[in-house]
**Q** 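A single structure is presented below for examination.
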Amino acid sequence: MIETFRVGRFAMRYGHFVPRLYNYCRSLGFERQHLLPSRAFCSDESQGYPVMLLAQHFGTFPFDHGRVGGKVAINRHGPFAHHGEHLVLIQASHVGYNPDDGRFGVYQRHRTEDCRFGDCCGKLCGVLRWYEDEYALACRQVQCGRLDGEPVLQIDNQYLDDSRSDGVFLSLDRMVETPLQPLNVLSTSKLFRASPAIRERLGEEFFRETPAPIGTALSPDLFQFRRALAEGPEGHDILEAVLAPVMPALVTSPHPALDAARFVTQAEFDRAYRSILREPAFAAKNVLFVSGLNIDVSPREGFRFPFTKFVPWAAYARLRDGRSFLLEQEQLAETLRRMPGENPDCLSFDATIEQMTAAPEIRIPIG
């Protein structure tokens with residue numbers, strides 16, 4: 001599923017995306033004086049620049065639909081609908097990117113003492129870390145070797161204990177010959193005859209006289225995770241619950257943070273789309289829901305904000321005239337690219353702030 005969300009040629013600068021989105025809303029009949037945007041972004045400060053652009057082009061500060069990690073707070077649909085008539089909700093998970101070394105999941109924090117690179121999205125990376133550590137340990141503790149010239153797997157005893165509450169659980173039936181009969185029992189591990197399937201996959205040369213870790217040859221189909229979800233002030237970690245089914249694919253990915261953000265966006269679009277279908281407060285409104293990925297490109301020296309790019313995933317519209325439709329990634333990207341890149345209604349922050357600063361004082365009568 002994750003790989004169906006393509007990035008490369010679909011990524012566009014936020015300075016190009018937002019005016020095109022505004023013009024698309026206008027093409028659907030949304031009226032500027034009644035048009036209210038909402039964003040479901042993470043709380044990270046790197047998301048400030050996209051919010052500024054939304055305010056500039058839509059002429060009003062966007063409503064906040066976001067929870068940590070780019071989750072949509074669907075219980076805010078009602079208040080959002082109460083605040084406007086023509087509604088556009090933009091959901092985006094986010095991931096950092098360092099263009100100097102091509103790493104995803106990192107972002108330079110210029111406000112720290114040493115301007116260090118940190119996790120981005122910190123929540124997604126934090127959720128991933130336990131699983132990445134458990135996978136790395138399993139890659140070391142499962143070893144390939146030979147016993148009397150025969151290919152074997154030496155497996156640490158913990159991975160043979162199915163009563164554990166958490167950790168990596170191997171698909172032993174795909175790795176060793178069954179029924180499970182150890183060829184040798186050591187103090188902390190056991191040796192098993194490698195299955196024909198694993199021997200064919202890895203090649204006979206992979207099994208050497210001196211045992212060596214299986215490493216990244218421990219592919220997603222050979223294991224799964226088990227873990228009790230963390231309990232916090234708001235209940236179970238909903239982001240970890242979303243990612244849990246695809247964790248084997250994420251920890252073995254070249255870009256785990258990118259793939260985690262892509263998957264959250266995919267899952268959130270599906271979830272929020274269904275909540276919009278059921279929301280009575282949207283019944284008499286024009287509604288456009290757009291979902292995608294924010295890539296926070298760490299700013300170069302001399303720039304205050306990230307070079308954020310938006311990668312569209314999907315959109316859903318439900319209009320007062322009875323029309324409703326879905327746009328998949330290719331359709332959405334093409335639709336946006338066809339829109340004018342200039343917004344004649346674009347707000348001037350300087351003029352607006354000057355006007356408000358120079359306005360007559362309004363006294364609050366209560367002492």
**Q** Any side-chain heavy atom of Tyr97 within less than 4.5 Å of one from Lys309?
**A**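 Heavy-atom side-chain distance check fails, nothing below 4.5 Å.
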**Q** Is the closest side-chain donor-acceptor distance between Arg201 and Ser219 under 3.5 Å?
**A** yes
**Q** Hey, does Cys42 have a side-chain heavy atom less than 4.5 Å from the side chain of Val68?
**A** yes
**Q** Taking Leu332 as the starting point, is it possible to reach Val311 by hopping between hydrophobic residues whose side chains are less than 4.5 Å apart?
**A** no
**Q** For Val264 and Leu243, run side-chain contact (heavy atoms from CB on, under 4.5 Å): C-alpha distance rounded to whole Å, both residues' side-chain angles, the deciding distance at 0.1 Å, then the answer.
**A** CA-CA 7 Å; Val264 169; Leu243 292 172; 3.8 Å; yes
**Q** Determine whether Leu124 and Val95 fall in the same hydrophobic cluster, where Ile, Leu, Val, Met, Phe, Trp and Tyr are linked whenever their side-chain heavy atoms lie under 4.5 Å apart.
**A** no
**Q** Look at the side chain of Ser38 and the backbone N and O of Phe63, then say whether any donor-acceptor pair between them is shorter than 3.5 Å.
**A**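 Yes, because the side chain of Ser38 sits within donor-acceptor range (under 3.5 Å) of the backbone of Phe63.
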**Q** Strictly distance-based, threshold 3.5 Å: is any side-chain N or O of Arg109 a donor or acceptor partner for the main-chain N or O of Asp119?
**A** yes
**Q** Between CZ of Phe263 and OG of Ser253, what distance do you get to the nearest 0.5 Å?
**A** 13.5 Å
**Q** For a 4.5 angstrom cut-off between non-hydrogen side-chain atoms, does Ile155 reach Lys190?
**A** no
**Q** Any salt bridge between Asp133 and Arg129, counting N to O under 4.0 Å?
**A**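 Salt bridge flag = no for Arg129 with Asp133.
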**Q** What distance do Phe80 atom CZ and Ile74 atom CD1 have between them, rounded to the nearest 0.5 Å?
**A** 14.5 Å
**Q** Which value, rounded to the nearest 0.5 Å, describes the distance between Cys120 atom SG and Lys123 atom NZ?
**A**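 Answer rounded to 0.5 Å: 15.0 Å.
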**Q** Starting at OG1 of Thr335, measure out to CG of Leu28 and round the result to the nearest 0.5 Å.
**A**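 If we round to the nearest 0.5 Å, Thr335:OG1 and Leu28:CG are 9.5 Å apart.
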**Q** Keeping Arg199 on the side-chain end and Phe207 on the backbone end, is there a donor-acceptor pair under 3.5 Å?
**A** no
**Q** Going by ring pair (Phe, Tyr, Trp, His ring centres under 6.0 Å), His86 matches just one of Phe30, Phe58, Tyr22. Which one?
**A**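 Result for ring pair (Phe, Tyr, Trp, His ring centres under 6.0 Å) with His86: Phe30.
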**Q** Taking the side chain as everything from C-beta on, heavy atoms only, tell me whether Lys71 gets closer than 4.5 Å to Val242.
**A**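 Heavy-atom side-chain distance check passes, below 4.5 Å.
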**Q** Mark yes or no for whether Gln108, through its side chain, and Cys115, through its backbone, hold a donor-acceptor pair below 3.5 Å.
**A** yes
**Q** Which heavy atom in Ser27 sits nearest to a heavy atom in Met339, and how many Å separate them?
**A** OG-SD, 4.2 Å
**Q** Does Phe349 have more than 12 heavy atoms from other residues, nucleotides or ligands lying within 6.0 Å of its CZ?
**A**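 Yes, the 6.0 Å shell around CZ holds more than 12 heavy atoms from other groups.
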**Q** Using atom types as modelled and distance alone, determine if a side-chain donor or acceptor of Asp259 lies under 3.5 Å from a backbone N or O of Leu250.
**A**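 Pair absent, no side-chain N/O of Asp259 close to backbone of Leu250.
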**Q** Is there a side-chain contact between Phe10 and Trp313 in this structure, where contact means two heavy atoms from C-beta onward sitting under 4.5 Å apart?
**A**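 No, every pair of side-chain atoms sits at 4.5 Å or beyond.
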**Q** Hey, what's the ring geometry for His255 with Phe104, parallel, tilted or perpendicular (30° and 60° as the breaks)?
**A**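 Correct class here is perpendicular.
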**Q** For the residue pair Gln47 / Asp296, report whether a side-chain donor-acceptor contact shorter than 3.5 Å exists.
**A**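 There is such a pair (donor and acceptor under 3.5 Å, judged by atom type) between the side chains of Asp296 and Gln47.
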**Q** So, do Gln56 and Cys346 sit near enough that their side-chain heavy atoms are less than 4.5 Å apart?
**A** yes
**Q** Please confirm whether the backbone N or O of Gly70 pairs with a side-chain atom of Gln91, one donor and one acceptor, at under 3.5 Å?
**A**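 Flag set: sc Gln91 to bb Gly70 pair under 3.5 Å.
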**Q** Are the side chain of Asn23 and the backbone of Glu342 linked by a donor-acceptor contact shorter than 3.5 Å?
**A** yes
**Q** Which residue, Arg39, Arg76, His77, forms the side chain to side chain donor-acceptor pair (under 3.5 Å) with His65?
**A** His77
**Q** Just grab all the salt bridge (Lys or Arg N to Asp or Glu O under 4.0 Å) pairs involving residues 144-165, residues at least two apart or on different chains.
**A** Arg146-Glu204, Glu150-Arg193, Asp162-Arg226
**Q** Do other residues, nucleotides or ligands put more than 12 heavy atoms under 6.0 Å from the CZ atom of Arg320?
**A**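 Yes, enclosed.
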**Q** Would you call the rings of Tyr131 and Phe225 parallel, tilted or perpendicular, taking 30° and 60° as the class edges?
**A** perpendicular
**Q** Do Pro312 and Met12 come within less than 4.5 Å of each other through their side chains, counting heavy atoms only?
**A**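 In contact.
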**Q** Tell me the closest heavy-atom pair linking Leu326 and Gln331, and the distance in Å.
**A** O-OE1, 4.1 Å
**Q** Are Phe61 and Leu36 linked, directly or through other ILVMFWY residues, by side chains that come within less than 4.5 angstrom of each other?
**A**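 Not linked; separate clusters.
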**Q** Working to the nearest 0.5 angstrom, can you tell me the gap between Tyr24 OH and Arg337 CZ?
**A** 15.0 Å
**Q** If we ignore angles and hydrogens, is there a donor and acceptor under 3.5 Å between the side chains of Asn294 and His94?
**A**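 No donor-acceptor contact under 3.5 Å links the two side chains.
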**Q** Step by step, work out the side-chain contact (heavy atoms from CB on, under 4.5 Å) result for Leu218 and Gln141.
**A** CA-CA 11 Å; Leu218 188 62; Gln141 297 294 82; over 6 Å; no
**Q** In terms of hydrophobic clustering (I, L, V, M, F, W, Y; side-chain heavy atoms under 4.5 Å; direct or indirect links), are Ile2 and Ile295 co-clustered?
**A**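 In one cluster: no.
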**Q** Cation-pi check for Phe310 against Arg20: NZ or CZ below 6.0 Å from the six-membered ring centre and within 45 degrees of the axis, yes or no?
**A** no
**Q** Quick one: which residue pairs count as a salt bridge (Lys or Arg N to Asp or Glu O under 4.0 Å) with a foot in residues 275-287, not counting sequence neighbours?
**A**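 Counting only pairs at least two positions apart or across chains, the salt bridge (Lys or Arg N to Asp or Glu O under 4.0 Å) contacts touching residues 275-287 are Glu85-Lys285.
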**Q** Does the pair Arg262/Glu3 count as a salt bridge with the N-to-O cut at 4.0 Å?
**A** no
**Q** Establish whether Val51 and Leu288 are linked, either directly or via other cluster members, by ILVMFWY side-chain heavy-atom contacts under 4.5 Å.
**A** yes
**Q** Can you check whether Asp345's main-chain N or O pairs, donor with acceptor, with Arg32's side chain at less than 3.5 Å?
**A**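 Flag set: sc Arg32 to bb Asp345 pair under 3.5 Å.
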**Q** Search all heavy atoms of Pro248 against all heavy atoms of Ala244 and return the closest pair with its distance.
**A**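 Taking every non-hydrogen atom into account, CD-O, 4.3 Å.
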**Q** At what distance, to the nearest 0.5 angstrom, does OG1 of Thr352 lie from CE of Met356?
**A**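 One gets 8.5 Å once the value is rounded to the nearest 0.5 Å.
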**Q** Looking only at non-hydrogen atoms, find the nearest pair between Thr112 and Arg116 and report the distance.
**A** OG1-N, 3.1 Å
**Q** Looking at Ser46 and Pro50, what are the two nearest heavy atoms and their distance?
**A** O-CD, 3.9 Å
**Q** If you measure from the Lys or Arg side-chain nitrogens to the Asp or Glu carboxylate oxygens, is any gap between Arg227 and Glu240 under 4.0 Å?
**A** yes
**Q** Between Tyr316 and Val287, is the side-chain contact (heavy atoms from CB on, under 4.5 Å) condition met? List the steps.
**A** CA-CA 8 Å; Tyr316 170 69; Val287 181; 6.0 Å; no
**Q** Looking at every heavy atom in both Ser93 and Gly69, which two are closest together, and how far apart are they?
**A**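 Looks like OG-O, 3.5 Å.
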**Q** Could you identify which residues cluster with Leu147, counting Ile, Leu, Val, Met, Phe, Trp and Tyr as linked when any side-chain heavy atoms lie under 4.5 Å apart, either directly or through a chain of such contacts?
**A**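 When side chains under 4.5 Å apart are linked, the cluster holding Leu147 also contains Val152, Leu183, Leu186, Leu191.
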**Q** As a test of understanding, state which of Trp130, Phe223, Phe169 forms a ring pair (Phe, Tyr, Trp, His ring centres under 6.0 Å) with Tyr135.
**A**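 With Tyr135 as partner, ring pair (Phe, Tyr, Trp, His ring centres under 6.0 Å) holds for just one option, Phe223.
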**Q** Where does the angle between the aromatic ring planes of Phe17 and Tyr14 fall among parallel (under 30°), tilted (30 to 60°) and perpendicular (over 60°)?
**A**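 Ring orientation, 0 to 90° scale: perpendicular.
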**Q** If you count heavy atoms of other groups shown closer than 6.0 angstrom to CD of Gln355, is the number above 12?
**A**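 Not buried by this count: 12 neighbours or fewer within 6.0 Å.
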**Q** Do Leu160 and Leu172 come within less than 4.5 Å of each other through their side chains, counting heavy atoms only?
**A** yes
**Q** Could you check Glu328, Gln266, Gln329 and say which one makes a side chain to side chain donor-acceptor pair (under 3.5 Å) with Thr4?
**A**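 When Glu328, Gln266, Gln329 are each tested with Thr4, the side chain to side chain donor-acceptor pair (under 3.5 Å) holds only for Gln266.
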**Q** With a sphere of 6.0 Å drawn around CD of Glu45, does it hold more than 12 non-hydrogen atoms of other residues, nucleotides or ligands?
**A**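 Atom CD in Glu45 is crowded, with more than 12 foreign heavy atoms closer than 6.0 Å.
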